[in-house]
Amino acid sequence: MARNAVDISPAGRGKYDPASIESRWYPYWEKNDLFRTNHDSEKEPHVIVMPPPNVTGRLHMGHALQDTVQDALTRLRRMQGFEALWVPGMDHAGIATQNVVEKTLKKEEGKNRHDYGREAFVDKVWEWKEEYGGIILEQKRRLGDSCDWSKERFTMDDGFSRAVQEVFVRLYNEGLVYRGEYLINWCPVDRTAISDEEVENVERKGHLWYLRYPLTDGSGFIEIATTRPETMLGDTAIAVNPEDERYTHLVGKTVRVPLTDRQIPIIADEYVKSDFGAGALKVTPAHDKNDFEIGRKHDLEILNIMNLDATLNENAGVYAGLDRFDAREKIVADLEAQGFLVRIEEYASTVPISHRSKAIIEPLISRQWFVKMKPLAEPALEAVRDGRITFYPKRWENEYFRWLENIRDWTISRQLWWGHRIPVWYWLDADGEIDESRGFRVSIEQPEEGMVQDEDVLDTWFSSWLWPFATLGWPEKTPDLAKFYPGTVLVSGYDILFFWIARMIMAGLHFMGDIPYKDIFITGMIKDKQGRWMSKSLGNGIDPLEMTEQYGADAVRFSLTILCAQGQDIKLDPTKFEMGRNFANKIWNAFNVFGQFMEEGKDYRRKRSFAELDFAEQWMLTRLGQTILDVEEDLARYRLNEGLGKIYTLFWGDYCDWYLELIKPQSGEPMSEERIALAVELFETMLQLLHPFMPFITEELWTHVRPREEGDICMTSAWPTANKADMDAGVAGHFATVQELISGIRNVRAQYAVSPSQDISAVLQLEPGLVAAVEGHREYFAKLARVTDLEVRTGGSRPAASSSVVVGRNQVFVPLKGMIDLDVERERLQKEIDEKTRYHKSIEGKLSNEQFVSRAPEAVVQTERDKLVEVMAEIKRLQASLDELA
RNA sequence: GGGAGAUUAGCUCAGUUGGUUAGAGCACCUGUCUUACAAACAGGGGGUCGCAGGUUCGAGUCCUGCAUCGCCCA
């Protein structure tokens with residue numbers, strides 16, 4: 001591949017046009033293999049695995065946020081000299097994908113999957129995957145994701161399938177995978193079992209039906225209450241609390257199930273709450289979780305009355321064939337007609353619905369495959385408890401503990417066609433049916449001629465929980481696995497904490513014997529302006545690609561990062577991206593301040609030492625160094641928003657608003673080479689600091705600020721470090737005072753409505769230490785406050801007809817002949833005095849508190865003392881000024 | 001019912017182990033085409049940090065209770 005097969009000649013110095021920059025740089029990085037990692041590298045690895053998006057997915061804001069974070073971390077570490085790997089890929093997303101393809105077939109051909117048959121349908125899904133799958137990965141490129149595309153994986157590619165089968169077989173051999181008939185969550189719409197985690201419980205308004213069951217000895221009735229009258233056809237007992245005196249005499253007797261001829265016993269079980277409903281409970285082991293438990297305890301018959309499409313089966317007698325809810329109506333009507341219905345109450349009950357299809361789940365008895373989770377959960381709990389894995393923010397650990405401590409077995413078989421076939425084989429009988437009597441064999445390959453494989457597939461998470469190591473080649477012992485496992489940090493939302501994050505930790509510990517990553521950075525979720533989830537049905541989604549087109553990828557990334565505070569959800573509004581766009585525009589334009597003076601092809605390098613620099617230059621360099629130190633700390637703790645915020649302030653608030661304004665020559669004059677050299681140096685360093693967050697504009701401007709050798713690009717440059725030799729806190733302090741003096745003068749100008757174009761004079765009365773610093777920099781006041789006539793002195797009296805500003809031990813007088821309004825001036829000063837006096841009082845209050853002085857740390861007390869002296873001096877000066885006006 | 005959050009300027013939110021006079025962006029008001037940027041610049045107004053207690057020399061920050069909002073789990 002030809003290096004540099006992309007035109008990267010700098011874009012013109014016209015308006016900032018993100019699209020033109022972004023379309024050139026991504027291909028450049030990719031074609032030059034700059035994202036590619038090497039397992040032979042001596043560099044320390046830094047590894048992130050991308051949460052694999054659904055193969056049918058489209059990029060949404062949640063992806064944009066998480067990708068921005070992952071990419072920023074990857075780019076940062078790459079610049080810091082790590083072998084920074086970000087593994088991309090996709091998830092086959094069982095049900096989701098199958099549904100999408102089925103819908104498409106229905107729409108386009110009017111066919112369902114059964115019209116095709118399993119093999120042809122699965123082929124169809126693969127075709128579909130080849131055609132539409134991975135669109136999202138293209139979309140991620142638009143954002144600038146610097147993942148190692150050579151390591152892209154799919155949860156159903158050959159290697160992954162191999163890993164999944166291997167895991168199933170191993171777990172089976174270890175006794176951790178088992179088959180059994182239990183009450184599972186059945187989704188009648190998707191026609192498959194789903195795991196407990198895929199079920200949501202929602203409160204629905206419903207009714208509580210009070211029914212009475214006749215005692216078979218003819219001695220009367222027992223009354224029960226139920227939210228699901230139709231399940232009475234599957235009742236196999238009535239239960240009461242053993243302590244409930246109303247019913248003790250009935251325990252052991254039998255009742256007849258209304259509308260049927262079946263007789264069932266009355267049993268006692270402490271599970272029954274006497275104060276709920278009528279105090280007696282109908283027990284339907286085949287259709288209710290709790291009833292199932294009671295049934296097991298009392299060895300009750302399990303009577304299934306339902307088909308897989310949620311219609312009633314032959315056990316329902318005359319109701320067979322009716323949908324469960326139609327049956328309910330009819331049964332209630334019949335009960336009423338026959339005198340078994342006592343009354344109906346309004347009642348809000350919790351209804352289980354499928355996370356995906358939103359259909360009401362039916363608890364059904366079914367033979368499925370499960371994973372025994374307790375033995376896997378223990379080490380996973382331990383890994384977080386002992387600190388091998390840390391959550392950011394920490395509070396998610398509690399959620400993690402709670403789930404793992406109460407973990408239930410995982411239903412992993414799914415009655416779908418799209419997914420990993422379960423590696424279990426059966427013998428057939430003479431009729432070609434599965435011969436259950438001969439059992440089964442668990443095996444990756446067909447164990448014997450003629451055996452058939454289990455029809456079911458595995459839960460999609462049963463493959464994605466292997467993501468951190470299966471993507472690196474497991475179960476083979478690959479060099480990638482050796483180099484890049486365990487990973488460094490996982491970036492994900494809390495919505496898949498149980499589905500994915502916790503299970504990856506279990507799998508990592510079990511199969512690799514080591515944690516999958518050290519840190520887990522949980523991002524907040526993106527919500528709409530009103531705090532609602534973004535969804536297709538609400539139509540409140542914000543399309544990241546549209547935003548990228550409108551504002552630029554750098555702008556989108558900047559805004560998302562700055563809004564991403566530790567674990568807080570983000571209420572997003574498209575106007576938020578203006579912040580990023582404005583900043584990118586600012587960066588672009590700032591370059592022109594000195595860029596317009598630069599000679600084409602010339603490399604500007606600073607020749608002056610720190611001591612030889614100008615006051616403002618020394619200050620700016622100091623600020624830069626301090627910011628690098630601060631940012632380093634923020635980023636190490638995943639406080640990207642704070643780190644980026646500091647860079648933003650540095651660039652806009654310090655570099656642009658003060659530094660550039662000061663080094664800018666008068667109109668028509670040139671800028672000295674040395675001035676340019678430092679401006680370039682500062683700018684270049686800030687481009688590096690910004691690169692992880694705004695890769696495109698920084699890469700582009702990188703080529704503008706200096707002539708670059710082939711391959712000298714921002715992305716692979718070395719992350720800046722603070723240089724103590726280029727920092728001076730004293731200078732920074734002095735400069736801050738000058739800033740305050742200038743602000744004071746500007747304030748006076750605004751107060752007296754002095755036209756911005758009008759020159760003024762000013763008298764600076766400074767403490768001796770500052771005189772030297774300011775003396776040579778009268779032009780600062782000229783440039784920033786239009787003070788053309790400046791007197792600098794250490795003492796003296798107030799010039800006539802002047803306004804004054806006090807800054808610590810310094811004071812500035814602004815003579816405004818003919819403009820000073822004494823009343824305005826008195827008011828100004830008085831207001832200032834009042835403010836300072838209040839401040840003075842609060843400090844004095846502290847210092848006169850003996851407790852404070854004796855108990856607070858000496859440094860804190862001293863700070864207060866210093867402040868007191870300072871503010872007293874200020875008040876004194878202000879008062880003197882006021883007195884002079886009297 | 002349990003858990004973990006949120007409540008700070010008109011709006012959206014930062015605010016680290018308790019220690020300058022609580023910050024930003026947007027919005028608002030005044031002024032500016034000051035030759036990088038009007039997607040900008042300068043200046044300004046605006047907060048008893050949800051309420052009530054407590055701990056502490058000191059609380060937006062820690063503790064308890066309450067209120068409101070949504071989230072997770074049963």
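Residue numbering restarts at 1 for every chain, and letters A, B, ... go by the order of the sequence lines. These values consider heavy atoms only, across backbone and side chains, with no hydrogens, waters or symmetry-generated copies.
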Once side-chain contact (heavy atoms from CB on, under 4.5 Å) is applied, do any residues pair with A:His777, and if so which ones, sequence neighbours excluded?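 Here the qualifying residues are A:Asp614, A:Phe615, A:Glu779, A:Tyr780.
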
In chain order, what residues pass the salt bridge (Lys or Arg N to Asp or Glu O under 4.0 Å) check against [X], with sequence neighbours excluded?
{"X": "A:Lys831", "result": "none"}
{"X": "A:Lys586", "result": "none"}
{"X": "A:Glu546", "result": "none"}
{"X": "A:Glu397", "result": "A:Lys394"}

Under 4.0 Å protein heavy-atom contacts per nucleotide of [range], with B for base, S for backbone only and - for none:
{"range": "nucleotides 24-40 of chain B", "answer": "-S-----SS---BB-BS"}
{"range": "nucleotides 58-63 of chain B", "answer": "------"}
{"range": "nucleotides 68-74 of chain B", "answer": "----SSS"}

Can you name the residues that form a ring pair (Phe, Tyr, Trp, His ring centres under 6.0 Å) with A:Tyr494, not counting sequence neighbours?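 For A:Tyr494 the ring pair (Phe, Tyr, Trp, His ring centres under 6.0 Å) partners, ignoring immediate neighbours, are A:Trp396.
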
Under a 3.5 Å cut-off on both pairing distances, which runs of 3 or more consecutive Watson-Crick or G-U pairs involve RNA chain B?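 Stems for RNA chain B, defined as runs of 3 or more consecutive pairs: B:1-3 with B:71-73, B:5-7 with B:67-69, B:10-13 with B:23-26, B:28-32 with B:40-44, B:50-54 with B:62-66.
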
Tell me which of A:Asn641 and A:Asn747 sits closer to the 5' end of RNA chain B, going by the nucleotide each one is nearest to.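 Its nucleotide being nearer the 5' end, the pick is A:Asn641.
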
What distance, rounded to whole Å, do you find between the two C1' atoms, one in B:rC69 and one in B:rG50?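 The answer is 11 Å between these two C1' atoms.
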
Same-atom distance (C1') from B:rA40 to B:rC33, integer angstrom: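 Each nucleotide's C1' atom is 11 Å from the other's.
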
When you measure from the side-chain N and O atoms of A:Lys836 to the phosphate of B:rU21, is any distance below 4.0 Å, counting only OP1 and OP2?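 No.
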
Sequence neighbours left out, what pairs pass salt bridge (charged side-chain N to carboxylate O under 4.0 Å, His left out) with at least one residue falling in residues 626-637 of chain A?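 Found A:Asp634-A:Lys646.
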
Output yes when A:Arg877 and A:Glu874 qualify as a salt bridge under the 4.0 Å nitrogen-oxygen rule, no when they do not.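 So A:Arg877 does not pair with A:Glu874 through a salt bridge.
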
Does anything in residues 739-746 of chain A come within less than 4.0 Å of RNA chain B? Heavy atoms only, and list the residues if so.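 Output list: A:Ser743, A:Arg746.
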
Closest to side chain of A:Lys571, choosing from B:rA4, B:rG45, B:rU12: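 Given the options B:rA4, B:rG45, B:rU12, the side chain of A:Lys571 is closest to B:rU12.
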
Ring of A:Trp658, cation from A:Arg623 - is the NZ or CZ under 6.0 Å from the centre and inside 45° of the axis?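 Ring-cation test returns no.
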
